2 protein chains.
Amino acid sequence: MKHAPLIAQNHMRCADCAIRHKAVCAYCEPPELAKLDAMKSYRTFQAGETIVWAGEEVDVLGSVVSGVATLSRTLQDGRRQMVGLLLPSDFVGRPGRRKAPYDVVAANEVMICQFLKPKFEALVSATPALERRLLDMTLDELDAAREWMLLLGRKTARERIASLLVIIARRDAALSSTTVGDGLRFALPLTREAMSDYLGLTIETVSRQISALKKSGIIILEDSRHVRVPDYVALLDEAGDDSDGGFIS
Amino acid sequence: MKHAPLIAQNHMRCADCAIRHKAVCAYCEPPELAKLDAMKSYRTFQAGETIVWAGEEVDVLGSVVSGVATLSRTLQDGRRQMVGLLLPSDFVGRPGRRKAPYDVVAANEVMICQFLKPKFEALVSATPALERRLLDMTLDELDAAREWMLLLGRKTARERIASLLVIIARRDAALSSTTVGDGLRFALPLTREAMSDYLGLTIETVSRQISALKKSGIIILEDSRHVRVPDYVALLDEAGDDSDGGFIS
DNA sequence: CTATTACCTTGATCTCGATCAAGGTAATAA
DNA sequence: TTATTACCTTGATCGAGATCAAGGTAATAG
């Protein structure tokens, strides 16, 4: 069982399953790891497939191994708002809760490494450090949600798009150890529709604002799903947000 | 040490300090309560006073005893978004975190029962059930934040006002054991400005939409800070939200 | 090869909530 | 008493983003 550090993340890679489980790897010791190893299983979902329906009882917990999943709530009349984005290494599921409060949908092909809830929770109960880790992760999610509230309540369409690009760039860089150098390059793992759901906008506005950022030279579109950012600081500036000026060491 | 149940809440009243500490009372046993009792202190803040500044290091944790406090984030240019509302019994502070990520401001006169962080955290570490309780509370906060994201991203001004009224009515009813009967009556603990910060609107829009709800007969304004709701279900309907149809048993 | 489908872009117009502006009300100070 | 201050309401106008509409592009199916 080897652990390798991940850039700017306080969790480690579980060598055996080649996934970064944020929840279980930061503090777990080999004996716990071995137990987790014995109870895990993999599951794959196609793009667009619903992983969990809102209101449904869920009996698994796990981590996203690859792909992107979204958490969203829908009003009766169809208005939809994404409330979370799950990227590789993110934790899926709510320890101690039976029902899902929102839909979990695969944005593209998603692989999940899952544990049966009762077994996982038994291990958590027996491992205080894991419990603390779950609290820590949930606080991070809460911070992210509140940051998004600021975006949804007060930012302009242009700022919202820039903020989303910053988040995607950041996560992408963290996973692939990209250096800033002369520009970042990354893929957009979301359709325009998914972006609009996340940003509280319409598809058309998302498309227009991306075009506008392109026209301003803030981003370069290789194609509709691949972006280059010649000047990361300029993009950050467009996001209108002082928080986390330089996450990339 | 007596504990009395609170309507629809899984926490109990700490008889000795006459506060409902959501965090510490649900699972704590008399010995822990006694320890907490020995380390607590009270502090009062005037309306408008900032309890914690964003970015500041915070060395206390506690509960709101009376009054209302707000959590908010501000953009450099002054745009402000409230990201949380703290009502009596709500927990203040972030276990395991040093700095505050947002301002905590007293909306009116607020009393807080506080514990020094190191002592509180030592007790938490020694009391696994408390750790779990903190996780549970944080998950509740996360759910609330995400529900608010739906509001900020997709609801109309009228729906936002109605949703806020529902939340205040619900909390008010939970604290004062009001029955629905022929109408609810409650005070608005926030100024129009604070409401606009919470709802991602302007003061003027808040005022106009409250007037509109009044004109529609959904609410009756006794004065600008006191509301009567003749038909709670009608208000719920205006909020455009199916969740929690009947929280009052 | 064409047809279908899913996704993206751009233009024209409309609308809800923001902005600008003017008073109104009630509490405290002078 | 009047003045000041803080808060709330309402009207007029404006504008960012929604809505309606029409194509465009690229992948897969037939």
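Here is the naming used below: chain letters follow the sequence lines, and residue numbers restart at 1 for every chain. If you're wondering where the values come from, they're calculated on a predicted model, not measured in any experiment.
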Which base, if any, makes a Watson-Crick or G-U wobble pair with D:dA27, both distances under 3.5 Å?
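D:dA27 is paired with C:dT4.
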Applying a 3.5 Å limit to both distances, which nucleotide forms a Watson-Crick or G-U wobble pair with C:dT9?
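By the stated definition (distances under 3.5 Å), D:dA22 pairs with C:dT9.
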Rounded to whole Å, please give me the gap between [atom1] in [X] and [atom2] in [N].
X      : N      : atom1 : atom2 : answer
A:K155 : D:dA16 : NZ    : P     : 18 Å
B:K215 : D:dG11 : NZ    : C1'   : 12 Å
B:L190 : D:dA6  : CG    : P     : 19 Å
B:D77  : C:dT19 : CG    : P     : 11 Å
B:Q46  : C:dT28 : CD    : P     : 13 Å
B:E193 : D:dA6  : CD    : P     : 12 Å
A:Q209 : D:dA16 : CD    : P     : 10 Å
A:R160 : D:dA16 : CZ    : P     : 14 Å

Of B:L85, B:V206, B:D197, which meets side chain to side chain contact (heavy atoms under 4.5 Å, CB included) against B:L190?
B:L85
Picking from B:T70, B:V105, B:V110, B:V64, what satisfies side chain to side chain contact (heavy atoms under 4.5 Å, CB included) with B:L86?
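So the option named by the test is B:V64.
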Among the nucleotides [options], which one has an atom lying closest to any side-chain atom of [X]?
X      : options                : result
A:R225 : D:dG17, C:dT9, C:dC7   : C:dC7
B:S224 : C:dC7, D:dC8, C:dG17   : D:dC8
A:R192 : C:dA21, C:dC8, C:dT10  : C:dC8
B:E204 : C:dT9, C:dC20, C:dG17  : C:dC20
A:L201 : C:dG11, C:dG17, D:dA18 : D:dA18
A:S211 : D:dC20, D:dA18, C:dT9  : C:dT9

Minimum heavy-atom distance between B:L142 and A:A145, given as atom pair plus value
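Of all heavy-atom pairs spanning B:L142 and A:A145, the closest is CD1-CB, 4.0 Å.
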Do A:I168 and A:L164 make a side-chain contact, defined as non-hydrogen atoms from C-beta onward lying under 4.5 Å apart?
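In short, these two side chains touch, coming nearer than 4.5 Å.
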Between B:T205 and C:dG17, is there a contact of a side-chain N or O with OP1 or OP2 at under 4.0 Å?
no
State whether a side-chain donor-acceptor pair under 3.5 Å links A:R158 with A:S216.
yes
Please evaluate the base of D:dG17 for a donor-acceptor partner in the side chain of A:R158 within a cut-off of under 3.5 Å?
no
Strictly distance-based, threshold 3.5 Å: is any side-chain N or O of A:R192 a donor or acceptor partner for the main-chain N or O of A:S224?
yes
Have a look at B:G200 and say if it touches a base, only the backbone sugar-phosphate, or nothing, with a 4.0 Å heavy-atom cut-off.
sugar-phosphate
Does B:T191 or B:R208 map to a spot on DNA chain D nearer the 5' end, using the closest nucleotide for each?
B:T191
Would you mind telling me which residue lines up with the more 5' stretch of DNA chain C, B:V206 or A:K214, judged by nearest nucleotide?
A:K214
